[in-house]
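These numbers come from a predicted model, not from an experiment. Residue numbers run from 1 in the order of the sequence given.
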Amino acid sequence: MNSLFGTKHLILIAISIVLIISLYFLTRKWKFKSVCLSLFIIAIICEIVKTITYIVINEDKYGGILPKSDLPFQLCSIQLVFIAIVCFAKNEKVKRAILSFMLPSCLFGGISAIAIATSSSLNVWVITFQYFFYHISLVTFAIHLFTNKEYIWNIKDYVTSLIFVVCFMFIAIYLNSMMYDGTSTVNYMYVVDPPAKNLPFLNENQGWLAYMAKYASLVILCISLCYIKPIIIAIKEKVKSKKENTKDKKCEK
């Protein structure tokens with residue numbers, strides 16, 4: 001049964017969990033630069049495989065071009081651009097800003113893509129392999145970001161990540177609008193429709209605005225969970241600072 005949460009999909013989820021754990025433990029002693037370069041190579045290979053396969057499959061319909069819906073503008077596929085910048089950019093501030101967004105987007109984006117797989121990714125074995133292996137690699141990379149001692153995440157990184165996601169949501173709305181031809185739509189970043197029908201929370205049962213409100217709140221929650229430690233530290237420091245200011249004022253009196 002090649003449907004969402006069907007037998008094949010559940011088996012692939014189980015395999016993905018095993019591979020994520022295995023890949024992380026196999027690469028946990030690697031230098032972070034090597035981990036980044038590995039993800040970059042995997043992303044390039046997966047994108048080439050996906051592009052060639054989709055063109056061959058859709059040859060009769062599209063004649064050697066990639067369908068608009070398969071362009072690399074989804075949250076996970078755009079990571080190819082991000083990891084390229086991280087690998088080759090020399091500006092540490094730029095790299096840190098991008099990595100601060102890659103942390104939640106690779107982790108929760110990758111997990112969501114594995115859990116809510118597209119129908120096309122379950123029906124063609126080549127696409128199935130590249131789709132799941134790519135997202136497995138993203139999640140593994142995010143775990144490296146969590147455990148990597150080179151980057152100690154702080155509240156500024158949290159804010160940067162939130163700014164990134166807001167910008168990308170607006171960019172996605174414009175891209176979807178530009179590519180709308182009056183009959184078919186694209187759904188980059190899932191700002192048009194939910195990633196799948198009949199989801200328990202992420203649905204349009206109360207309309208598009210309610211869906212976007214739920215979607216945005218879920219995204220903010222996911223990012224916040226990634227930065228829960230620096231958020232708690234920032235709150236404690238603020239409370240401590242207020243108490244010290246109060247004590248100073250009392251002493252002055």
Q.
If hydrophobic clusters are built from ILVMFWY residues whose side chains come within less than 4.5 Å, do Ile21 and Ile11 share one?
A. yes
Q. Under 3.5 Å, side chain of Gln79 to main-chain N/O of Leu75, donor-acceptor pair present?
A. yes
Q. Would you find more than 12 non-hydrogen atoms of other residues, nucleotides or ligands less than 6.0 Å from Phe201 atom CZ?
A. yes
Q: Quick one: do Lys95 and Glu92 satisfy salt bridge (Lys or Arg N to Asp or Glu O under 4.0 Å)? Show the steps, please.
A: CA-CA 5 Å; Lys95 287 169 69 173; Glu92 288 299 324; 3.5 Å; yes
Q | Side chain proximity check, Ile83 to Phe141, heavy atoms < 4.5 angstrom | A | yes
Q | Over 12 foreign heavy atoms within 6.0 Å of CG, Asn91 | A | yes
Q. Considering only heavy atoms from C-beta outward, does the side chain of Leu71 approach that of Met179 to under 4.5 Å?
A. yes
(Q) Looking at Asp193, is its backbone amide N or carbonyl O close enough to the side chain of Trp208 to form a donor-acceptor pair, meaning the two atoms are under 3.5 Å apart? (A) no
Q. For the residue pair Val35 and Thr27, what are the closest heavy atoms and their distance?
A. CG2-O, 4.4 Å
Q.
As an exercise, state the distance from CD1 of Ile173 to CE of Met212, rounded to the nearest 0.5 Å.
A. 5.5 Å
Q.
With clusters defined by side-chain heavy atoms of hydrophobic residues (ILVMFWY) lying less than 4.5 Å apart, directly or transitively, does Val139 cluster with Leu26?
A. no
Q: Using a 4.5 Å cut-off on heavy atoms from C-beta on, say whether the side chain of Leu80 contacts that of Ile44.
A: yes
Q | Hydrophobic cluster membership, Leu103 vs Ile232, 4.5 Å side-chain cutoff | A | no
Q.
If I take atom CD1 from residue Ile116 and atom NE2 from residue His9, how far apart are they, to the nearest 0.5 angstrom?
A. 8.5 Å
Q. Would you say the side-chain atoms of Ser22 pair up with the backbone N or O of Leu19, donor to acceptor, closer than 3.5 Å?
A. no
Q. Does Phe32 CZ have over 12 foreign heavy atoms under 6.0 Å away?
A. yes
(Q) As a quick check of understanding, evaluate side chain to side chain contact (heavy atoms under 4.5 Å, CB included) for Phe101 and Ile163, giving each step before the final call. (A) CA-CA 9 Å; Phe101 180 62; Ile163 292 169; over 6 Å; no
Q: Report the distance from atom CE of Met102 to atom CD1 of Ile85, rounding to the nearest 0.5 Å.
A: 9.5 Å
Q: Check whether any side-chain heavy atom of Tyr211 sits under 4.5 Å from a side-chain heavy atom of Leu202, and report yes or no.
A: yes
Q | Polar side-chain atom of Ser16 near backbone of Leu12 as donor-acceptor pair, under 3.5 Å | A | yes
Q. Do Val191 and Tyr215 have side chains that get closer than 4.5 Å, going by heavy atoms?
A. yes
**Q.** Min side-chain heavy-atom separation Ile98-Val94 under 4.5 Å
**A.** yes
Q | Under 3.5 Å donor-acceptor, Tyr227 side chain and Pro104 backbone | A | no
Q.
Measuring from atom CH2 of Trp153 to atom CD1 of Ile231, what distance do you get when rounded to the nearest 0.5 angstrom?
A. 14.0 Å
Q. With no hydrogens and no angle check, is any side-chain donor or acceptor of Glu204 less than 3.5 Å from a backbone partner on Lys197?
A. no
Q.
To check you understand the geometry: which heavy-atom pair defines the closest contact between Ser100 and Ala97, and what is its length?
A. OG-O, 2.5 Å
Q.
Quick check: is Ile42 connected to Phe25 through a chain of hydrophobic side chains (ILVMFWY, heavy atoms under 4.5 Å apart)?
A. yes
(Q) Assess the residue pair Cys46 and Tyr131 against the criterion (side chain to side chain contact (heavy atoms under 4.5 Å, CB included)); give the C-alpha distance rounded to whole Å, side-chain angles, the decisive distance to 0.1 Å, and a yes or no. (A) CA-CA 8 Å; Cys46 286; Tyr131 178 92; over 6 Å; no
Q: Give, for atom CH2 of Trp125 and atom NZ of Lys8, the distance between the pair rounded to the nearest 0.5 Å.
A: 11.0 Å
Q: In plain terms, say whether Glu47 and Lys50 are close enough for a salt bridge, that is, a side-chain N and a carboxylate O under 4.0 Å apart.
A: yes
Q) Is a donor on one side and an acceptor on the other found under 3.5 Å between the side chain of Ser217 and the backbone of Lys214? A) yes
Q | Phe108: partners by ring pair (Phe, Tyr, Trp, His ring centres under 6.0 Å), with sequence neighbours left out | A | none
Q. Between Phe82 and Phe168, how do the two ring planes meet: parallel, tilted or perpendicular, split at 30° and 60°?
A. perpendicular
**Q.** Stepwise side chain to side chain contact (heavy atoms under 4.5 Å, CB included) check, Gln206 with Asn203
**A.** CA-CA 8 Å; Gln206 288 81 40; Asn203 54 59; 4.2 Å; yes
Q) Does any N or O in the side chain of Tyr134 come within less than 3.5 Å of the main-chain N or O of Cys76, such that one atom is a donor and the other an acceptor? A) yes
Q) Does Leu39 reach the side chain of His144, with side-chain heavy atoms less than 4.5 Å apart? A) no
Q: Report the distance from atom OG of Ser77 to atom NE2 of His135, rounding to the nearest 0.5 Å.
A: 7.5 Å
**Q.** Over all atoms of both residues, closest heavy-atom pair of Ala84 and Phe40
**A.** CB-CE1, 3.5 Å
Q: Answer whether the closest heavy-atom distance between the side chains of Val49 and Val126 falls below 4.5 Å.
A: yes
Q. Cluster question for you: counting only ILVMFWY and a side-chain heavy-atom cut-off of under 4.5 Å, with indirect links fine, are Ile235 and Leu225 together?
A. yes
**Q.** Worked verdict on Ile20 versus Ile114 for side chain to side chain contact (heavy atoms under 4.5 Å, CB included)
**A.** CA-CA 11 Å; Ile20 288 166; Ile114 290 168; 4.3 Å; yes
